[in-house]
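What follows is a single structure, written as structure tokens, with notes after it.
Below, each value reflects all heavy atoms present in this structure, side chains not excepted, and no hydrogens, waters or symmetry copies.
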Amino acid sequence: QVQLVESGGGSVQAGGSLRLSCVASGYSYSNYVMGWFRHTPGKEREGVAAINSYGRIMYADSVEGRFTISQDNAKNTLYLQIDNLKVEDTAMYYCAASIGIPSMYRWFSGDEYKYWGQGTRVTVSS
């Protein structure tokens, strides 16, 4: 059974930093994309960063330069370093894992991901 468990969220002031983690268990696909998404009530879910099994990375324009995605395969862990947090970054953040590697233009489409974590909340105050 595949499980993705996020952690690292919290309440921070604007300008601060957080590092989100996503530990995967029971997931043994050699070709994949893992992504970070965020959702705020009243808004559509937004893909913010993704990385594939070969290390290729993609960021949403809204977070480029402030978010850094990385993975530690030895620890089965996906990370999202968020720097210079803004109030508009407030959201529930989810990690997700695909089976196989879809086209890059689909990496921020939630439909391409089979497994999802339960989310970790990030709240940024001004």
Side-chain angles (χ1 to χ4, degrees):
Q1 182 179 358
V2 176
Q3 280 193 318
L4 303 177
V5 180
E6 302 97 332
S7 63
S11 297
V12 297
Q13 288 195 321
S17 298
L18 283 173
R19 188 175 80 156
L20 309 185
S21 300
C22 171
V23 178
S25 59
Y27 184 77
S28 58
Y29 300 98
S30 57
N31 295 305
Y32 60 83
V33 176
M34 293 197 74
W36 285 99
F37 290 77
R38 64 186 181 187
H39 182 248
T40 302
K43 296 184 180 180
E44 289 192 4
R45 181 178 56 195
E46 177 188 21
V48 296
I51 185 169
N52 74 4
S53 47
Y54 296 96
R56 191 164 188 178
I57 290 171
M58 187 167 73
Y59 295 104
D61 290 343
S62 59
V63 306
E64 184 88 49
R66 298 189 300 117
F67 286 27
T68 305
I69 189 172
S70 62
Q71 57 187 351
D72 184 335
N73 292 332
K75 296 182 179 179
N76 295 324
T77 302
L78 180 73
Y79 300 101
L80 185 68
Q81 176 70 36
I82 310 175
D83 297 315
N84 190 21
L85 276 155
K86 301 180 179 181
V87 172
E88 52 264 41
D89 294 323
T90 295
M92 185 72 85
Y93 283 73
Y94 300 89
C95 70
S98 72
I99 298 176
I101 303 176
S103 297
M104 281 195 80
Y105 81 94
R106 297 283 301 169
W107 284 16
F108 288 155
S109 171
D111 292 343
E112 294 297 337
Y113 295 84
K114 182 175 176 63
Y115 303 106
W116 292 82
Q118 83 290 345
T120 186
R121 184 173 299 278
V122 173
T123 303
V124 186
S125 58
S126 59

**Prompt:** So, Y115 side chain and C95 main chain: donor-acceptor pair closer than 3.5 Å or not?
**Reply:** no

**Fill in**
What one should report as the nearest heavy-atom pair of R66 and N84 is NH1-O, 3.0 Å

**Request:** Look at the side-chain heavy atoms of Ile, Leu, Val, Met, Phe, Trp and Tyr, link any pair under 4.5 Å apart, and say whether I82 and M58 land in one connected group.
**Result:** no

**Asked** Tell me, do D72 and Y79 make a side-chain contact under 4.5 Å, heavy atoms counted?
**Response** yes

**Request:** Return the minimal non-hydrogen interatomic distance between A60 and G47, and the atom names on each side.
**Result:** CB-O, 3.4 Å

**Item:** Same cluster (ILVMFWY, side-chain, under 4.5 Å), L4 and L18
**Value:** yes

**Request:** To the nearest 0.5 angstrom, please state how far the OH atom of Y29 sits from the CE atom of M34.
**Result:** 12.5 Å

**Request:** Measure the spacing between CG of N31 and OH of Y54 and express it to the nearest 0.5 Å.
**Result:** 4.0 Å

**Request:** Would you confirm whether T90, through its side chain, and V124, through its main-chain N or O, come within 3.5 Å as a donor-acceptor pair?
**Result:** yes

**Asked** In Å, rounded to the nearest 0.5 Å, how long is the span from CD of Q3 to SG of C22?
**Response** 11.0 Å

**Message:** Has N73 got a side-chain atom pairing as donor or acceptor with N76's backbone, closer than 3.5 angstrom?
**Reply:** no

**Asked** Do we see a donor-acceptor contact under 3.5 Å between the side chains of S62 and E46?
**Response** yes

**Asked** Which atom names give the shortest non-hydrogen contact between I57 and I69, and what distance separates them?
**Response** CG2-CG2, 3.5 Å

**Request:** Working to the nearest 0.5 Å, report the span between CG of L78 and NZ of K75.
**Result:** 13.5 Å

**Prompt:** Between E6 and Y94, is any pair of side-chain heavy atoms under 4.5 Å apart?
**Reply:** yes

**Message:** Is any side-chain heavy atom of R38 closer than 4.5 Å to one of L80?
**Reply:** no

**Message:** When you group the ILVMFWY residues by side-chain heavy-atom contacts below 4.5 Å and let the links chain together, are V2 and Y32 in the same group?
**Reply:** yes

**Prompt:** Under the 3.5 angstrom rule, does the side chain of S21 hit a backbone N or O of S7 as a donor-acceptor pair?
**Reply:** no

**Request:** Please report the shortest heavy-atom distance between I101 and S53, naming the atom on each side.
**Result:** CD1-OG, 3.5 Å

**Request:** Answer yes or no: are there more than 12 heavy-atom neighbours, outside Q13 itself, under 6.0 Å from its atom CD?
**Result:** no

**Message:** When you group the ILVMFWY residues by side-chain heavy-atom contacts below 4.5 Å and let the links chain together, are V12 and V48 in the same group?
**Reply:** yes

**Ring centres under 6.0 angstrom apart (W36, F67)** = no

**Complete:** Distance col, row E44:CD vs F37:CZ, nearest 0.5 angstrom, shows 12.5 Å

**Prompt:** Transitively linked via ILVMFWY side-chain contacts under 4.5 Å: W116 with F108?
**Reply:** yes

**R106 side chain to S103 side chain, donor-acceptor N/O pair below 3.5 angstrom** = no

**Item:** Inter-residue atom distance T40.OG1 - D89.CG, 0.5 Å rounding
**Value:** 9.0 Å

**Prompt:** Looking only at heavy atoms, what is the nearest atom pair of D83 and S17, with distance?
**Reply:** OD1-OG, 2.9 Å

**Message:** Tell me the closest heavy-atom pair linking R45 and H39, and the distance in Å.
**Reply:** N-CD2, 3.7 Å

